[in-house]
Amino acid sequence: MASSLFTGPTATRRTLFKSAGKASAVLAAAALTLSACSTGPASTTPDASASSSSAQFPVTIDHVFGKTTIEKQPTRVATVSWVNDDVAIALGVVPVGVPKNEWGGNDKGSTPWKDAALEDLGAGFGTDKAPVQYSEADGINFTEIAKLTPDVILAAYSGLTEEDYKKLSEIAPVVAHPEVAYGTSWQDSTTIIGKALGKEAEATKLVSDTEATIKDKVSKYPQLEGKSFIYGNLEPAKGDGVNVYTANDNRPRFLSEIGMKLAPVVEENSKGSKEFFIPWSAEKANELASDIFVTWVPDASTTDAIKADPLLGQIPAIRNGALVADSDNTLTLSISASSPLSLPWSLDTFLPQLAAAADAVK
């Protein structure tokens, strides 16, 4: 996901990709059973800045559905979709409720980066201070969110429909995405959520510190600078061709931010698009010119099938041995739904993969 990618194992990878704009409705992984919620809601962790932060309120936040005014500093925060809970936790706020990570998550319905941050706050899952978790397998869980009586609902990174927004607004003020569904950058999500929580200064520092961490790690791989890329989804032997992510999506956005260049063929064919991907015929796969092609796959055999496919194998980067095919769902999630917590966690694994592909560029 910028954008959700995922559903149960019986679906084709094409279906998974097309589901990406509907994260709330397709997060179920059939192999996972729904575990019981945590025992009790946790309030926002108090800190020394609370009194000064409260002076910033009321605050008004613009978003795709209009404006939301938050009258006083929230103490009971609920989140939907991905990223929003990461950001709140990174800002030192323990939500009362968060969605389970039902794709790419661990046996706690969480992620390594979220677990570490919650443990630092004394609110790890399994403790009485942990957030309640609710499933979004069938869409936004209005019932469970309402039970938590939140005083704000964070959805700065989401694909809320107007109907979703109105229903959630009956529960509490909602901070919706600013423009494109699942298109909010992690920097903007952090800034927006920081304002909503009365932690603007902390949010500014969090963005700066995270960007510095990324820059430091990327500096170890100078071969990435200026390399052109396409980030997409490939369907070997399905006849469904290729889907490529546009500049609206957080995956290409991240690669651009570390000094790589979105391939001109993608730039040209997605001008003016509000979508996060564009479809591409397999018969024209050889026109997808870039130094590197990045994708996600369910297993290593799919990577082999892509390389052997008579059409997909003609994609220049694949033909030249510069394919990055990630089969680690947690790693895929950390880049797709990038946040100040997930990106630093991902880079020690993801950057070497990119660098190896860059080294193959002729």
Side-chain angles (χ1 to χ4, degrees), residues 1-5 13-14 17-18 20-21 64 157 159 177-189 211 214-215 218 221-235 240-297 306 311-326 332 335-338 343 346 350-351 353-362:
M1 125 163 154
S3 332
S4 167
L5 303 169
R13 294 181 64 247
R14 167 75 171 180
F17 186 92
K18 291 177 71 176
V64 69
Y157 174 91
H177 53 283
E179 187 176 0
V180 178
Y182 300 110
T184 314
S185 70
W186 68 265
Q187 293 97 327
D188 286 347
S189 293
E211 288 180 335
I214 294 169
K215 183 177 180 181
V218 171
Y221 302 97
Q223 64 268 57
L224 297 178
E225 181 68 30
K227 292 293 189 299
S228 64
F229 71 88
I230 295 173
Y231 207 138
N233 170 257
L234 302 171
E235 280 295 339
D240 289 328
V242 185
N243 296 289
V244 296
Y245 298 108
T246 69
N248 295 324
D249 187 84
N250 276 345
R251 285 159 282 209
R253 183 180 285 137
F254 170 69
L255 295 185
S256 296
E257 287 174 352
I258 65 172
M260 299 177 71
K261 304 293 183 185
L262 184 60
V265 65
V266 179
E267 289 274 19
E268 292 161 10
N269 284 277
S270 58
K271 281 180 181 174
S273 174
K274 294 290 187 182
E275 300 297 327
F276 69 91
F277 79 98
I278 55 174
W280 195 271
S281 169
E283 283 71 24
K284 298 193 299 178
N286 64 323
E287 298 176 16
L288 289 171
S290 66
D291 292 326
I292 297 170
F293 196 105
V294 186
T295 190
W296 54 275
V297 293
I306 289 170
L311 297 176
L312 302 183
Q314 294 307 304
I315 293 173
I318 295 175
R319 193 173 61 237
N320 295 333
L323 172 66
V324 177
D326 168 34
T332 297
I335 301 295
S336 302
S338 53
L343 284 175
S346 71
F350 189 54
L351 290 177
Q353 293 180 3
L354 286 175
D359 288 340
V361 175
K362 305 294 190 289

Residue pairs, two or more places apart or on separate chains, that pass side chain to side chain donor-acceptor pair (under 3.5 Å) and touch residues 285-294: Ser228-Asp291
Return the CZ to OG distance between Phe276 and Ser336, rounded to the nearest 0.5 Å. 10.0 Å
As an exercise, state the distance from CG of Leu224 to CG of Leu351, rounded to the nearest 0.5 Å. 6.5 Å
Please evaluate residues Ile214 and Phe254 with respect to the criterion side-chain contact (heavy atoms from CB on, under 4.5 Å), reporting the C-alpha separation (whole Å), side-chain torsions for both, the decisive distance (0.1 Å), and the verdict. CA-CA 10 Å; Ile214 294 169; Phe254 170 69; 4.2 Å; yes
Without swapping roles, check the side chain of Asn320 against the backbone of Ala322 for a donor-acceptor pair under 3.5 Å. no
Looking at Leu312, Leu234, Val324, which one forms a side-chain contact (heavy atoms from CB on, under 4.5 Å) with Phe293? Leu234
Chi angles and distances behind the side-chain contact (heavy atoms from CB on, under 4.5 Å) call for Leu262, Leu255: CA-CA 8 Å; Leu262 184 60; Leu255 295 185; over 6 Å; no
Do you know which two heavy atoms are closest between Ile315 and Ala285, and how far apart they sit? CG1-O, 3.4 Å
For the backbone of Gly232 and the side chain of Thr295, can you confirm whether one donor and one acceptor N or O come within less than 3.5 Å of each other? yes
In chain order, what residues pass the side-chain contact (heavy atoms from CB on, under 4.5 Å) check against Asp326, with sequence neighbours excluded? Asp328, Leu331, Thr332, Gln353
Give a yes or no answer on whether the side chain of Asn248 reaches the backbone of Ser273 with a donor-acceptor pair at less than 3.5 Å. yes
Can you find a heavy atom in the side chain of Tyr221 that is under 4.5 Å from one in the side chain of Leu354? no
Rounded to the nearest 0.5 Å, how far does NZ of Lys271 lie from CD1 of Ile278? 12.0 Å
Can a donor-acceptor pair be found, under 3.5 Å and without considering hydrogens, that links the side chain of Ser338 to the backbone of Trp186? no
Got Leu343 and Ile335 here, is their nearest side-chain heavy-atom distance under 4.5 Å? yes
Enter the distance from Ile230:CD1 to Ile318:CD1 here, rounded to the nearest 0.5 Å. 9.0 Å
In sequence, state the C-alpha distance, the side-chain angles, and the governing distance for Tyr157 and Asn250, and then conclude on side-chain contact (heavy atoms from CB on, under 4.5 Å). CA-CA 11 Å; Tyr157 174 91; Asn250 276 345; 3.5 Å; yes
About how many Å separate CZ of Phe277 and OG1 of Thr246, when rounded to the nearest 0.5 Å? 9.5 Å
Value rounded to 0.5 Å, distance of NZ in Lys261 from CZ in Phe229: 10.0 Å
Just jot down the salt bridge (Lys or Arg N to Asp or Glu O under 4.0 Å) partners of Lys274, sequence neighbours excluded, or say none. Glu179
Flag, side chain of Lys227 to backbone of Gln223, donor-acceptor distance under 3.5 Å: yes
Please check this pair: side chain of Arg319 against backbone of Gln314, looking for a donor-acceptor N/O pair closer than 3.5 Å. yes
Please check if the number of heavy atoms outside Glu275 that lie under 6.0 Å from its CD is greater than 12. no
Evaluate Tyr231 against Arg251 for side chain to side chain donor-acceptor pair (under 3.5 Å), listing each step before the verdict. CA-CA 7 Å; Tyr231 207 138; Arg251 285 159 282 209; 5.6 Å; no
Between Glu211 and Glu257, is a side-chain contact (heavy atoms from CB on, under 4.5 Å) present by the stated rule, with each step listed? CA-CA 9 Å; Glu211 288 180 335; Glu257 287 174 352; 5.9 Å; no
Do side-chain atoms of Asp188 reach the backbone of Thr184 as a donor and acceptor pair under 3.5 angstrom? no
With heavy-atom distances below 4.5 Å as the criterion, would you say the side chains of Tyr245 and Val294 are in contact? no
